[in-house]
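Only this structure's heavy atoms are used, side chains among them; waters, hydrogens and symmetry mates stay out.
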Amino acid sequence: MSTPVEKWLPSMPVTAGRLQYMLERRSEAITVASYGARGDGVSDAAPGIQLALNAARDAGGGWVIVPAGTWLLSTLPLRIYSNTRLTLLPGAELRRNQSETMLLNGDASQNFGGYNGQSNILIEGGLWNMRGTTAGLTGSAMCISIGHASDITIRDLEVRDLPGFHAVEMNSTKRGTVQNCRFRGYIDPGGRDFSEAVQIDLAKSSGVFGGFGPYDHTPSEDILIQGCYFGASGTAGTTAWPRGIGSHSATITKFHRRIRVIGNTFESVLQYGVSAYNWEDVTVTGNTFSSCGSGVRIRSVIVTDTEDTKDPAGNQTGASQSIKNFAVAGNTFRFGGGYDEPIVALGETTGQILNLSITGNAIDTSASGQNGIRTERVERFNITGNTISNIDGTAISMENCVHGNVTGNEVYTPGSHGITAVTCNHTSMTANEIKYAGGNGILVQDGSDIHVRNNYVKAPGRSANATYYGIRLSTNASSISLSGNKTRPNGSGNEAINGCAITNTCSLVHRYGNDWRGSTWTSGAAFADTGSASPSTSATDLT
């Protein structure tokens with residue numbers, strides 16, 4: 001063989017060297033037709049395809065090619081082994097014809113722990129038709145199931161009309177990539193309204209991963225999902241996927257780490273586009289969520305789930321665990337449904353979410369009272385530079401959070417409040433613009449060491465006259481700094497009571513340099529302090 005040269009990619013010129021290299025590699029390939037498989041859509045092609053996969057295994061690796069045609073699979077699952085490239089050429093369809101998983105990396109009897117199973121596998125191309133509405137094929141099944149593996153790439157294929165389980169499962173996998181794939185059509189056979197198209201999971205039990213053991217709780221790491229589409233197929237009796245990418249099982253002391261979700265499209269997904277359950281070191285960037293029940297959920301282990309709160313030895317801990325390091329940036333959310341918020345981060349008392357950045361997202365429209373961004377039991381967080389409009393609930397909602405920074409967000413016409421901080425400590429709300437809120441512009445309840453600075457609130461209280469405020473401090477809020485804020489009424493229709501109001505349960509309020517002016521506040525006064533303890537209006541230093 002000649003010395004390998006740079007491979008040809010679409011749009012690249014085909015030089016003599018590149019053509020020679022492609023021809024040499026093609027001559028080394030294993031074509032499934034050479035092993036008796038027929039793409040006629042009638043005969044069982046699975047035995048011949050498996051023989052080709054076995055030939056690659058026996059040779060220490062190889063390139064298995066499935067030409068154009070309809071390859072009926074009546075003997076499943078197919079099993080793929082290390083160092084194999086499985087390519088479906090344009091026009092190739094794998095058509096499931098047995099109520100089973102289509103493809104597994106390895107044998108049921110194998111016992112490779114950690115990431116030491118069948119690895120270095122590339123699966124690409126074609127239509128993988130699960131036919132989940134077909135009689136005899138409606139029971140829950142998997143399409144591509146990977147476990148105890150490393151260096152797995154799945155790309156440029158479509159999984160259609162899957163019943164119950166997952167299109168791709170990356171279980172106990174290190175360095176896995178799912179790229180430029182289409183996941184279209186899902187059928188819930190009953191009790192599976194939470195399934196993910198791409199599941200990231202750990203080797204917890206046979207109920208979690210049925211392909212093979214050992215069940216050593218190996219998590220998944222270094223996973224990239226990029227450029228994929230998640231939605232409906234249009235086949236009668238199917239829906240879009242319940243969830244696009246996510247996890248729904250966990251083990252205490254184990255985490256899925258270094259997960260990147262980049263540039264995907266989620267359309268009409270019923271629940272979450274991305275559900276980052278017990279993940280760490282996560283990047284979710286440049287994705288589009290359209291008409292989904294919810295967008296991105298970040299969730300620590302649910303403390304009421306008695307399976308997920310066990311440790312690897314099976315001992316019940318009764319507790320969650322903290323997860324950390326998340327960036328949700330540059331995504332767009334349009335026409336959010338009523339399942340949950342477009343962006344939601346939920347921790348537990350025994351398992352907080354640490355180090356969260358939500359920046360530069362565009363969120364437009366939510367239903368059923370859902371907020372735009374909601375954080376609960378989050379510590380060390382940054383919500384900056386987001387544009388949030390037409391939200392049915394509160395644009396940015398924080399509860400039981402600490403060490404937060406909410407800066408430079410543009411909020412327009414939320415149905416409820418602009419920004420709320422309930423029992424939050426050491427949190428700043430700075431330089432936000434909030435216009436035409438149905439409720440309060442900014443609401444602070446309880447909590448301490450809060451900074452509300454240089455915000456602009458225009459026309460708060462639009463949903464009910466004489467009910468809300470521009471900025472409202474209440475319910476034992478303490479050690480609050482208010483400076484450089486500006487509030488203005490609308491000038492007609494429903495108006496807020498005051499530009500700013502502070503209840504007598506608040507204490508240690510320091511305010512200066514604010515502008516509450518306006519002649520149409522319904523109380524007739526721009527500012528109301530009903531007796532907060534120890535207020536200060538001095539612009540000098542406080543000691």
Side-chain angles (χ1 to χ4, degrees), residues 7-10 19 22-59 61-81 83-105 121-138 141-146 153-163 167-168 178-185 187 228-229 233-236 238:
K7 67 181 180 180
W8 179 83
L9 296 172
L19 181 58
M22 286 191 288
L23 291 172
E24 289 174 350
R25 297 301 303 167
R26 177 67 178 82
S27 68
E28 296 172 1
I30 302 167
T31 304
V32 297
S34 300
Y35 290 83
R38 296 172 61 187
D40 57 11
V42 177
S43 57
D44 184 7
I49 295 174
Q50 188 61 63
L51 286 172
L53 292 169
N54 293 348
R57 175 198 62 195
D58 297 342
W63 187 2
V64 176
I65 290 182
V66 180
T70 302
W71 305 84
L72 197 69
L73 306 179
S74 302
T75 310
L76 292 173
L78 296 172
R79 299 184 185 273
I80 191 169
Y81 303 94
N83 307 314
T84 298
R85 179 178 183 178
L86 174 61
T87 301
L88 276 65
L89 296 180
E93 175 189 344
L94 295 184
R95 183 174 291 181
R96 188 174 69 115
N97 200 41
Q98 183 186 5
S99 186
E100 253 289 2
T101 296
M102 260 201 192
L103 184 68
L104 273 165
N105 68 317
I121 294 170
L122 170 59
I123 302 164
E124 60 185 350
L127 170 61
W128 299 60
N129 193 346
M130 294 293 288
R131 304 173 68 211
T133 61
T134 302
L137 302 178
T138 58
M142 201 89 70
C143 185
I144 300 173
S145 190
I146 304 295
T153 298
I154 299 169
R155 68 188 186 194
D156 304 320
L157 56 79
E158 177 175 328
V159 177
R160 185 181 297 175
D161 296 341
L162 183 143
V168 173
V178 181
Q179 201 165 36
N180 298 329
C181 294
R182 298 162 305 285
F183 303 103
R184 301 177 60 235
I187 303 96
C228 296
Y229 173 83
S233 68
T235 302
T238 69

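Nearest heavy atom pair, residue Leu162 against residue Ala141, reads CD2-O, 3.5 Å. Of all heavy-atom pairs between Trp71 and Ala92, the closest is NE1-CB, 4.3 Å. The heavy-atom pair separating Ala52 from Val64 by the smallest distance is O-CG2, 3.7 Å. Taking all atoms of both residues into account, the shortest heavy-atom contact from Leu72 to Gly41 is CD2-O, 3.9 Å. Between Gln50 and Pro77, the shortest heavy-atom distance links the atoms OE1-O, 4.1 Å. Heavy atoms only, all atoms of each residue included: Thr31 and Pro67 are closest at CG2-CG, 3.8 Å.
Atom CE of residue Met102 and atom CG of residue Leu78 lie 8.0 Å apart, to the nearest 0.5 angstrom. The structure places CG of Asp44 at 7.0 Å from CG of Leu73, a figure rounded to the nearest 0.5 Å. Within the model, atoms CD1 of Ile154 and SG of Cys143 stand 8.5 Å from one another, a figure rounded to the nearest 0.5 Å. Rounding to the nearest 0.5 Å places CG of Asn105 at 10.5 Å from CD1 of Ile144. Ile123 contributes atom CD1, which lies 4.5 Å from atom CD1 of Ile80 (distance to the nearest 0.5 angstrom). With rounding to the nearest 0.5 angstrom, the CD atom of Glu158 is 12.5 Å from the CG atom of Leu94.
Put simply, the side chain of Tyr81 does not reach to within 4.5 Å of the side chain of Ile121, judged on heavy atoms. When side chains are defined from C-beta on, Leu53 counts as touching Thr84, because their heavy atoms get closer than 4.5 Å. Residues Asn97 and Arg131 are in side-chain contact: their nearest non-hydrogen atoms beyond the backbone lie under 4.5 Å apart. A heavy-atom distance below 4.5 Å is not found between the side chains of Thr138 and Pro163. Put simply, the side chain of Thr133 does not reach to within 4.5 Å of the side chain of Asp161, judged on heavy atoms. Residues Leu76 and Ser99 fail the side-chain proximity criterion, which asks for heavy atoms closer than 4.5 Å. Between Thr153 and Glu124, every side-chain heavy-atom pair lies at or beyond the 4.5 Å cut-off.
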If you apply the rule side-chain contact (heavy atoms from CB on, under 4.5 Å), what do you find for Thr235 with Arg184, and how did you get there?
CA-CA 9 Å; Thr235 302; Arg184 301 177 60 235; over 6 Å; no
Evaluate side-chain contact (heavy atoms from CB on, under 4.5 Å) for Asn54 paired with Tyr35, printing each intermediate quantity in order.
CA-CA 10 Å; Asn54 293 348; Tyr35 290 83; over 6 Å; no
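Counted by atom type alone, Gln98 and Ser74 present zero donor-acceptor pairs between their side chains at under 3.5 Å.
Under a 3.5 Å cut-off, the side chain of Arg96 and the backbone N or O of Met130 do form a donor-acceptor pair. In terms of modelled atom types and a separation under 3.5 Å, the side chain of Arg160 and the main chain of Asn129 share no donor-acceptor contact.
In terms of the salt bridge (Lys or Arg N to Asp or Glu O under 4.0 Å) criterion, Arg79 has no residue partners (sequence neighbours excluded).
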